[in-house]
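Position 1 is the first residue of the sequence; numbering continues from there.
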Amino acid sequence: MRYNSWRIKDPSLLQRCALKQLRDICYAIALTRQAEAFFKQSGRLAREAYLSIQDVLNKAVDNGLVLRDYTITEIEPLVKVLHQEGFILDTDCPLTYSMNGTPSEGSVDSDSETVHPFKAPQIKVLTVGEDVEDGSMHFKILDELDEWPLTCSVLMFPSYKSKSKKRDEIYEPTTTEYEAYKMKMDKGIDCGLDLHTMLLTGDGIDRHGTHYLEFQDSLGDVGIGDRGFVRFAVEPNTVTECVLFKNFYNHDDD
């Protein structure tokens, strides 16, 4: 057995799991939590401070990325916006689940202090099949996990609904489900599966020898998994994309 997690290495980088997700904005929650960990570890954000989830949602709305059910079809366009505009403190823009976008200058108190964004030198998305091979995805994300937690989107297979949600439960598709998924992908057919975006916080090997990834779920249900942290099997790979923050700018990525 083995367990490697930011919950042990530096829990102050992580936000509490108790935030209840009232709308389908898992992408905004995960990206904000990743940014918090990144800026806290670099010393730019105080450990007791939090970044604004609502501001990430506002930016997605401003750029026409949000559907009527609050979801987005792709995470990369939003990541590009966040790379350019940065993140702001939660105290400057508390979570309200508003779909009105960023308030106009006229609606903001003119006496309020200037809002200073937190910007990372580089933020990019790695997508399976485009930037990295399916079988190599877990090597890449585990390498990045050594530096800080990161945002990942995972496939949600129908059989997951029957899982017990116990602490040691590992989410893994059935052989039939995964073969059907791979067949559709090989033929270029939409797999029809939903994606759930969460913060990857660790990995481990359980008593049965199963290698798993640990995610901080964005649903806010501390009764799921280990107090809101859930496990997904490393193999077969179900991570379709991940978001990388870097402290340097790589011109090769232009």
Least distance between heavy atoms, [X] atom then [Y] atom:
X	Y	result
R44	F118	O-CE2, 3.2 Å
A49	L89	CB-CD2, 4.4 Å
L31	L78	CD1-CD2, 3.9 Å
T197	A30	CG2-CB, 3.8 Å
I141	C242	CG2-SG, 3.6 Å
E241	L195	OE2-CD1, 4.4 Å

Quick one: [atom1] on [X] to [atom2] on [Y], what's the gap to the nearest 0.5 Å?
X	Y	atom1	atom2	value
L200	W6	CG	CH2	11.5 Å
K9	L14	NZ	CG	10.5 Å
F139	M137	CZ	CE	13.0 Å
Y178	E172	OH	CD	10.5 Å
I53	C93	CD1	SG	10.5 Å
F245	L150	CZ	CG	10.0 Å

Under 4.5 Å side-chain linkage, directly or through intermediates, the cluster mates of Y3: I8, I170, Y212

In terms of heavy-atom contacts, does [atom1] of [X] have more than 12 from other residues, nucleotides or ligands at under 6.0 Å?
X	atom1	result
R207	CZ	no
M99	CE	yes
E133	CD	no
R23	CZ	no

CA sep, side-chain torsions, deciding dist, call: E85, K119, salt bridge (Lys or Arg N to Asp or Glu O under 4.0 Å): CA-CA 7 Å; E85 301 182 13; K119 295 185 178 182; over 6 Å; no

Any side-chain heavy atom of [X] sitting closer than 4.5 Å to one from [Y]?
X	Y	value
K246	E144	yes
P173	P236	yes
V66	Y27	yes
M198	C26	no
V243	I75	yes
P158	L193	yes
N247	W148	yes
T127	T240	no

Can you tell me if [X] uses its side chain to pair, donor with acceptor, with the backbone of [Y] under 3.5 Å?
X	Y	value
Y70	Y97	yes
E169	I224	no
T210	D206	no
S42	F38	yes
N237	V239	yes

Donor-acceptor side-chain pairing of [X] and [Y] below 3.5 angstrom:
X	Y	value
D62	T102	yes
S159	T174	no
H196	D217	yes
Q216	T201	no

Aromatic ring centroids of F87 and Y50 under 6.0 Å?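 Between F87 and Y50, the centre distance exceeds or equals 6.0 Å.
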
Centroid-centroid under 6.0 Å between F215 and F232 rings: yes

Take L213 and V234 through the test side chain to side chain contact (heavy atoms under 4.5 Å, CB included) and record every step on the way to the result. CA-CA 6 Å; L213 301 174; V234 168; 3.9 Å; yes

In one Ile/Leu/Val/Met/Phe/Trp/Tyr side-chain cluster, 4.5 Å: [X], [Y]:
X	Y	answer
L67	I29	no
V61	L82	yes
V128	L142	yes
V132	L155	yes

Please report the C-alpha distance between Q54 and L57 in whole Å, then the side-chain angles of each, then the deciding distance to 0.1 Å, and finally whether the side chain to side chain contact (heavy atoms under 4.5 Å, CB included) criterion is met. CA-CA 5 Å; Q54 182 64 46; L57 177 59; 3.8 Å; yes

Is [X] salt-bridged to [Y], cutoff N-O under 4.0 Å?
X	Y	answer
K124	E76	no
R7	E214	yes
K59	D55	yes
D131	K140	no
E36	R47	no
K166	D226	no
R231	D168	no

Working note: L199 + Q15, criterion side chain to side chain contact (heavy atoms under 4.5 Å, CB included); need CA distance, chi angles, decisive distance, verdict. CA-CA 10 Å; L199 186 69; Q15 189 179 134; over 6 Å; no

Set out, in order, the CA-CA distance, both residues' side-chain angles and the distance that settles side chain to side chain contact (heavy atoms under 4.5 Å, CB included) for F157 and T238, then state yes or no. CA-CA 9 Å; F157 290 87; T238 59; 3.7 Å; yes

